[in-house]
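The structure appears below as structure tokens.
All figures in this text were calculated on a predicted structure; none of them were measured in a lab. When a ligand or atom number is given, it counts from 1 through the structure's own listing order.
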Amino acid sequence: MTYDPNNIFAKVLRGELPCHNIYEDDDTLAFLDIMPRSEGHALVITKEKATDLFDVSPQALVKLMAVVQKLSPEIKEAVGADGVLIAQFNGAAAGQTVFHLHVHIIPRKEGTELKPHAGIMADQAILATTAEKIRKKLQTA
Ligand code: 5GP
């Protein structure tokens, strides 16, 4: 699939769409999923124009996954979760809905079911509060 420069995450990267940002560096951006499957559900995206795992350079992939590794335990602690599900979908048949490479960080709490994938829009005020909590945790990491 050809990379579409007007996909939602490309617009987020260009600042054309807002997001609840939790982390940014030269190669990646992380923000909260607008339809979270659990509290603290975050997305880490590469700044490279890549549709999926098979389209990204190995260098950018390493940087992306290093950020996933760094953020996941901090997000887990910030929301008081017990574990973290890391998910990444390639192609519509696999469940991908936004065609700009991203990795899901989904905190899990014992006994709490996940909400549906890309199903229920969260309250913006709640997302803002969660993002603030995570940013504060990252500042002390
Ligand atoms: P995929 O299905 O491609 O792996 O995941 C795309 C994710 O992006 C979904 O979990 C969906 O909830 C989320 N999403 C869709 N549109 C937006 C948006 O405009 N902003 C944010 N922050 N997340 C979005």
Centroid separation under 6.0 Å, is that true for the rings of His102 and His100? no
Heavy-atom gap His20 to ligand 1 smaller than 4.0 Å: no
Minimal non-hydrogen separation, Ile106 against Ser38, with atom names: CG2-OG, 3.4 Å
Using heavy atoms and a 4.0 Å limit, tell me yes or no: is His102 in contact with ligand 1? yes
Examine ligand 1 and decide if any of its atoms is less than 4.0 Å from a heavy atom belonging to Cys19. no
Can you list the ligand 1 atoms lying under 4.0 Å from a non-hydrogen atom of Phe89? 4 (O)
Nearest protein heavy-atom contact for atom 8 (O) of ligand 1: which residue, which atom, what distance? Phe9 CZ, 3.4 Å
Polar contact flag for Gln96 and ligand 1 (N/O pairs, less than 3.5 Å): no
Below 4.0 Å, non-hydrogen atoms only: which portion of Gln88 touches ligand 1? Side chain, backbone, both or neither. neither
Which of these, Asp33, Leu32, Asn21, has its nearest heavy atom closest to atom 9 (C) of ligand 1? Asp33
Ala118 N/O to ligand 1 N/O under 3.5 Å: no
Could you list which atoms of ligand 1 come closer than 4.0 Å to a heavy atom of His104? 1 (P), 4 (O), 5 (O), 7 (C), 10 (O)
N or O pair under 3.5 Å between His41 and ligand 1: no
Heavy-atom pairs closer than 4.0 Å: do any link ligand 1 to the side chain of His117, the backbone, both, or neither? side chain
Just do the ring pair (Phe, Tyr, Trp, His ring centres under 6.0 Å) check on Phe31 and Phe9 with the steps written out, would you? CA-CA 10 Å; Phe31 51 90; Phe9 293 166; 5.4 Å; yes
Looking only at distances, please establish whether an N/O atom of ligand 1 is found under 3.5 Å from an N/O atom of Leu17. no
Please write down residue, atom name and distance for the protein heavy atom closest to atom 15 (C) of ligand 1. Met35 CE, 3.9 Å
Out of Ile34, Asn90, Leu101, Leu43, the nearest non-hydrogen contact to atom 24 (C) of ligand 1 is supplied by Ile34
Sub-4.0 Å heavy-atom approach of Phe99 to ligand 1: no
for atom 16 (N) of ligand 1, nearest protein heavy atom and its distance come out as Ile8 CD1, 3.8 Å
Interfacing atoms of ligand 1 (cut-off 4.0 Å, heavy-atom, Phe31): 22 (N)
